[in-house]
Every structure is written in C-alpha cells, then in structure tokens.
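Okay, structure first, notes after.
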Amino acid sequence: MHGGIFASAGALAVGNLTGDLHVHHPAPRPATPTPHQLGAPPADFVGRSEQFAALNRALSLTAGPYAASPGAGGGQSGATAVISAINGAGGIGKTWLALAWAHRNLHHYPDGQLSADLRGFSPGEPRHPADVLADFLAALGVDRDHQPTQLDARVALYRTHTVGKRMLILLDNAATPDQVVPLLPGGTNCTVVITSRNQLRSLITRHNARPVHVDVLTDIEARALLTTALDNTNTNAGADLNQVSTELIDLCGRFPLALGLIAAHIRTRRDLLHDLVAELRDHGLDALDSGDPAASLPTVLSWSLDHLSNTQRTLFGLLGVAPGPDVTLPAVVSLSGLPLARARTALAALEEASLIERRPHGRYVMHDLVRDYAAATALDLLDDLRESALVRVLDFYMFTAHAADRLVDPHRQLIQPGPHALGVHPHPLPDAATAMAWLDAEHATLLAAQRTAVSLGRHHVVWHLARVLDTFSLRRGHLRHAVAAWRAALDAATHLADPALCRRAHRNLGRACSRLGLHEEATQHLELALTLAERHHDLTAQANTHRALASAWGARGEDRHALDHARHALDLHRALSQPVREADALNLVGLYAAHLGEFDTARESCSAALVLFRRHHNSAGEADTLKSLGFIAHHTGCYQQATEHYQQALAQFRSHGSSYGEADTLDSMGHPHSALGQHEQARVVWQQALTLYRTQGRDTDAQRVERQLRTLDTRVARS
C-alpha cells in the first residue's frame, strides 16, 4: 500500500518595497490558533518498519530545520521540498500507517496538524479542494465569512497562512493529483501525508514525490495483530492457539483489514473462535462482509471500482476467474478480446487503482482476497461473455504450450489440437530455450488451466494440455503433476470421439505412474494400453507401449521382462521405419542387457543407438544413451571411461533443461569416482544429486544417496 505524501511547501510571500529609500514592512500577522485535527492513533497498529523508515527518510529531506541544506528537497529552492506518495489496495492499511507515523512524529510539528478525508474512494462524491481549503482556513483562524470564493484565491491565502510554519497535513483517501495539489501548503517546513488507492504518478514526476509501497503484512506482523485477541480467548482446554492463528493468517492472506475484522470478532465473541475459522474456511470473502460498509471488506474493495471504465471493470472480473496465480499481457489480450494497446491500458488502470500489482517479467498478480472479490464481480457479467473469455484464454495457453512442446521435443509424434477460438493470439516462441523458460514461468498456470478446462467440460483442452506438458514435466521432474494431468486427460478421453486418445492416455499415465513409483497402477495402465493398441491394430502404439513397459518393468527390477518388451519395441520400430524410436528401443535393449550382465550385447546396442541419435540430431536420446554407456563402462571396470560418458551425458541433460536426467546422471557418476578413490568428487556429485532429488520430491532416491554419502564418509574415515 502506498499511503502518504510528504510535502514541504515553498515560500510565496515577499516584502513590499515602496517610496524612495524607505522599506515598509508588512504589519505582523495576528496569532493564529494551533489546530490539532489528527484522529486517534490506531490501537492495533503493528509492524510496518520498512514503511516507517521510508517515511522517516522523506522527513529527513524536508527543508527548514531538518534539511541537509537550506532549500533542499524536491529539487526546487523555495518550493515544495518533499513529497512521499503512498498507495495500496482498499483495506491494506494506508490510513493506519499514516496516522501511526504522524502520532510518533508530532514533536516535529509544533504549529499543529490539519487533516481531511478527501473521500476519493468512499460512497458519494470526492471532496472538492475548495471545500477542504475552507475547513483548513477556518482551523487556521480565518473566518468563513471572510474567505475568498475562488479556488486560486483560497490556495494563495492558505499558503500565506502556512508559510514559515512547521505543520503536518494529512490528506487521506485522495482520488487524483488534482485533488491534492491545491492543498499543498506554503513554505518549506510543512509535511504533507497523502494516502490513496491510486499511485498518483504525476505527484512523483512533477512534484518529486517519493513513493512508499505498503503491501500485506508479514507473517510476524500478522501474528502480532492477532496475539492480543487470541491470548485472552476462552477456548477449549488444550486448544492450540498458535495453530488457530496460523490458519487465520493463511485464510486472510495477511490482509490488514481482514485480520482487523477477525480480531474484532474474536474480542466480541471469544466463544465462537472455531466457528469463525470454519466460516472463513467455507465462505472466504463472504465471511468478511457486514452491514457496516467501513467494516466490510467486499464493500471497501467495491469503492475502487467506481473510478474504472466499463472495460476496466470487465477485465477486473475476468482476471478473477482466469486460471493461474498470475497473468501476462499476451494472455490478457486473449482473455479480454481487446487489442494489445487497449489491454495494456486497462491493466495499467487496474495497477494504478492498486487492484493488481505488476511483478518482474511482465507478470500481474492479485491478492487472493481481491481475486475472490473480482471473481464475485465476474458473476455479474453475461454468461456468454465470461465463458467466451475463458475459452479464449484456455486456447491461448494450450496453443502456446503446443508450440513450446514442438520446440522442446521436435522428434515426438505430432498431434495437432485443432483450430483455436477467434480472438486467440498464441505467444510466439523463437527457440527451445525460450520455450522451456515460458513453460517454467507458466507451469502453475497451465496446470490451473487444465483444471478450469475440466470444470468447463473442454475435454480436448484437458487432454492436449496433459500431452504438451509431458516432456517438460519429465525433464523438470514434476512427476506428481504429470500423474495428475494424465489422470484428468484419461477421464477427458472417454468423452472424445477418437479412441486413440484413450490408448495414449493409458500409456502416458502408466509411464508417469512408473516414474513416481506407482508400479502396480503403472503396469495396469500400460497393459490395458497394449491390449487396446493390439485390438485396433495400431502398430506404432504397440511399439511405443512396449518401450513404456520396458521402462516400467525395469523400474521394478524385473530386467528380463524389461528386455523382452524392449526387443518387441525394437522389432516394431524397425518394421515401421522409425529410426529415432528405433534408437530409443536400442538404448533400452542395451541398458537391460547390461543389467543382466550381457555386456557385449549391451555395448553393441547402445553404440548403435548413439549413432542413430546423432544422425538425427536428437540430443535428448543421445544423453540417455551416454548414461547407459557410462553404466556399462562402470560395471565392466572401466571407471575412467564411465566418468567420461557420464560427463558427456550430464552436459547434454543440462543443455536441454532435464534436471530429472541430470539428477540420475550425478547419482550414477559418484560410483566410478568412488571406485577410483576420488572421494571428494564422489561427495560433490552425490550432494548435487541429493539436492535435485529432494527438489523433485523423489524421496526414495534421496534416501539412497544419503546412505551412499554416509558409507563414503565411513570409508574415508577408515582410510
């Protein structure tokens, strides 16, 4: 939240020179009252040390007795010295921050304080500067009957009465810079604190305002806010207040107004603490509504929409129902159906109103409670408009991910998802590295898009999103996500006309389950996929499923079964003239022959696979085969050759972003290093493998590497 603008105003009055050599000094101004208009300090204010420091830095620049040099601040001698602009969403705590800071710094302002609620984001019309000036002048001792009626004249009189004074002026809840500028005082000693939901950018550019951003509370600050209320709560014996506090903070997303409302509820009905938690858990934002507008989070948020255009309000609602934790401009173009320039302008307006926040790399986010409110407003949109927007944004993600998958794995069988909806503009991706970076950035959103597609019954989108994420999920080690995506895709396939999609879903779900260690489920899906492929005389599907079965049986330690399936796959791929897949099968034959001690067959098969992969420029297959050759060399006593093969494989895996293959290769590489007595090299690669296994949630592999490291340490200690 950005909340307060500090301004030291410039001197406007000068002495008059009249007559020949006589200087006539103006008559001394009669003493004026010392106003004290600040409201009471907020009783529950906590934290905000970073924002306090920013405001204190602004104060230290103010001209007058606190300046580093006379006339300093604002870059204008004799003009406004310092302005600090604070903005943030409704209910984020801007006014609390301004009041708390002001009360802690009253000793700097012996000439008093002026304060006004400008009602920029409240029911009714915002206050006009002329009316606010009338109140300020009256507080400064100017009778209302003797005040000028014109705005410019009131501004001049106000600045005359504030020049030379050390005063604090709080302008709360401002709507626009135009509402604020006439209220900046005269002289260089006053400080103005302005709060607004808007960012008031022109105050930054034209008046050298220093922005102070206020966001949600930290976890420590949120916990402190609830501590007093919870400490005195009569809960059941043994109730874990720390756990209750943690859940409340999580449900409120550390949003200050929400937490303040919760604290008030706890104080008034201590016996209903657990009911309150249940209401928040079940009803979310609705549990924070009330008949008092100022104590209702939905109502407070609604005031931010009053200054938006219809287009901006519509986009706000659509962002509430769009999939994913954040969004980018290209996705918003498809979601909204707006041209690029208009979509950018609408996003900028929502950012200016503190309804969304722009993060690095062009990503826009909403607080969870603001998103819930936006989703509620989306219900007011026409059903067709809302659904059309979701269809477009789902197609945007599906077709962009499809293009990314083609770049990441160009040798995979091409399956076109069909034409996209009108108004969809997939994001262009020039190369594989950019594609992987896009998939990394959008991974959570793509998973959310699949869930949205399920809820809308967009079955082909559900299936294709699982398909285009498959290679990426394997390379990055997102094994659980891959299983969930293919389970959804299998269910979707039952609603689609093409029976081949069901066969592919069973096969890919089986492969994903096998990688995750769900061996029984993996075998069931793969056997069913093979049966369906044989029933439909689909030789390519049979070959692909035999390869998947080879890997699945190999993962279970059933190397003979694995080798049989690999040889079936090899025969079929050769008959179908599919050289890249033939190379895949050759590598599997070599790997499982090596596991069975048939090293001559293993070396011959893997060497042939490596030739094919290199001929067809398939670096992913080359990496897998180099890893197999490393295994063969290691188990035939050629330890140096093994480390060389593993190093080459590692470079290939890293080049195309396969942290999954990287982890396995590092794990394998430690063994020949250890056999060569290179204990430190073994420790390094195993530590790297352990880190990757933990990151990928591969607990069994991580535990094995931990045992290897303990054994290594024992061996070194004994040597």
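Treat the numbers as computed from the prediction; the structure is a model and nothing was measured.
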* To do: Could you check Ser122 against Asn173 for side chain to side chain donor-acceptor pair (under 3.5 Å), going step by step and ending with a plain yes or no?
  => CA-CA 8 Å; Ser122 301; Asn173 199 11; 2.9 Å; yes

* Are Arg223 and Thr218 close enough, and set up right, to give a side chain to side chain donor-acceptor pair (under 3.5 Å), and what steps lead you there? -> CA-CA 8 Å; Arg223 200 169 297 277; Thr218 66; over 6 Å; no

* Trace of the side chain to side chain contact (heavy atoms under 4.5 Å, CB included) decision for Phe136 with Thr162 -> CA-CA 10 Å; Phe136 282 180; Thr162 52; over 6 Å; no

* **Derivation and outcome, side chain to side chain contact (heavy atoms under 4.5 Å, CB included), residues Leu308 and Leu355** => CA-CA 11 Å; Leu308 301 179; Leu355 291 169; 3.8 Å; yes

* Asked: Is there a side chain to side chain contact (heavy atoms under 4.5 Å, CB included) between Val370 and Phe316 once you walk through the steps?
  -> CA-CA 10 Å; Val370 177; Phe316 176 68; 3.9 Å; yes

* Derivation and outcome, side chain to side chain contact (heavy atoms under 4.5 Å, CB included), residues Leu319 and Val332 -> CA-CA 8 Å; Leu319 290 175; Val332 169; 4.2 Å; yes

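The side chain to side chain contact (heavy atoms under 4.5 Å, CB included) with Gln37 is formed by just one residue from the set Asp135, Leu114, Leu168; it is Leu114. Tested against Glu352, the residues Arg201, Gln312, Arg197 include a single side-chain hydrogen bond (donor to acceptor under 3.5 Å, both in side chains) partner, Arg201.
Residues Gln113 and His36 are in side-chain contact: their nearest non-hydrogen atoms beyond the backbone lie under 4.5 Å apart. Put simply, the side chain of Asp326 does not reach to within 4.5 Å of the side chain of His361, judged on heavy atoms. Counting heavy atoms from C-beta outward, His161 and Leu157 have side chains that approach closer than 4.5 Å. For the pair Leu335 and Phe396, the minimum side-chain heavy-atom distance is 4.5 Å or more. Between Leu140 and Pro35, some side-chain heavy-atom pair lies under the 4.5 Å cut-off. Between Leu99 and Leu170 the shortest side-chain heavy-atom distance falls below 4.5 Å. When side chains are defined from C-beta on, Tyr109 does not count as touching Asn189, because their heavy atoms never get closer than 4.5 Å. Between Leu55 and Val193 the shortest side-chain heavy-atom distance does not fall below 4.5 Å.
With respect to Glu221 and Arg254, no salt bridge is recorded, no charged nitrogen being found less than 4.0 Å from a carboxylate O. At a threshold of 4.0 Å, the pair Arg371-Asp368 does not count as salt-bridged, since none of the basic side-chain nitrogens sits closer than that to a carboxylate oxygen. Taking the charged nitrogens against the carboxylate oxygens, Glu442 and Arg363 do have a contact shorter than 4.0 Å, which makes a salt bridge.
Nearest heavy-atom pair across Pro323 and Val393 is CD-CG1, 3.9 Å. Here the closest non-hydrogen pair linking Pro330 and His427 is CG-ND1, 3.8 Å. Residues Gly120 and Ala175 share a closest heavy-atom pair of CA-CB, 3.6 Å. Contact record, Ala116 with Arg127: CB-NH1, 4.4 Å, taken as the closest heavy-atom pair. Pro33 and Ala139 make their closest contact through CG-O, 3.4 Å (heavy atoms, listed as atom of the first residue, atom of the second, distance). Smallest separation of non-hydrogen atoms from Thr176 and Leu200: C-CD2, 3.7 Å.
In this structure, the ring pair (Phe, Tyr, Trp, His ring centres under 6.0 Å) partners of Phe121, at least two apart in sequence or on a different chain, are His307.
The structure places OG of Ser309 at 9.5 Å from CG of Leu315, a figure rounded to the nearest 0.5 Å. A distance of 9.5 Å separates OG in Ser354 from CG in Asp215, rounded to the nearest 0.5 Å. Interatomic distance, CD of Gln243 versus CG of Leu248, reported as 11.0 Å (0.5 Å rounding). How far CG of Leu226 is from CD1 of Ile249: 5.5 Å, rounded to the nearest 0.5 Å. Atom CG in Asp380 sits 12.0 Å away from atom CG in Leu385 (nearest 0.5 Å). Taken to the nearest 0.5 Å, the NE2 atom of His128 stands 13.0 Å off from the CZ atom of Arg119.
The aromatic rings of Trp438 and Tyr397 are tilted relative to each other, their planes meeting at an angle between 30° and 60°.
Gln147 places a side-chain N or O within donor-acceptor distance of the main-chain N or O of Val142, the cut-off being under 3.5 Å. Remark: side-chain polar atoms of Arg166 are not paired, donor with acceptor, to backbone N or O of Asp111 under 3.5 angstrom. Judged by distance alone, the side chain of Gln179 and the main-chain N or O of Pro129 form no donor-acceptor pair under 3.5 Å. Without hydrogens or angle criteria, Asp250 side chain to Thr246 main chain gives no donor-acceptor distance under 3.5 Å. Judged purely by atom type and a 3.5 angstrom limit, His367 has no side-chain atom pairing as donor or acceptor with the backbone of Val216. A donor-acceptor pair is defined here as one N or O able to donate and one able to accept, closer than 3.5 Å; no such pair exists between the side chain of Ser115 and the backbone of Leu38. Side-chain N or O atoms of Arg386 include one that pairs as donor or acceptor with a backbone N or O of Ala378 at under 3.5 Å. For the pair His103 (side chain) and Gly39 (backbone), a donor-acceptor distance under 3.5 Å is present. At least one donor-acceptor pair closer than 3.5 Å links the side chain of Arg159 to the backbone N or O of Leu184. Under a 3.5 Å cut-off, the side chain of Tyr158 and the backbone N or O of Leu183 do form a donor-acceptor pair.
For Glu247, the CD atom counts as densely surrounded, since its 6.0 Å shell holds more than 12 non-hydrogen atoms of other residues, nucleotides or ligands.
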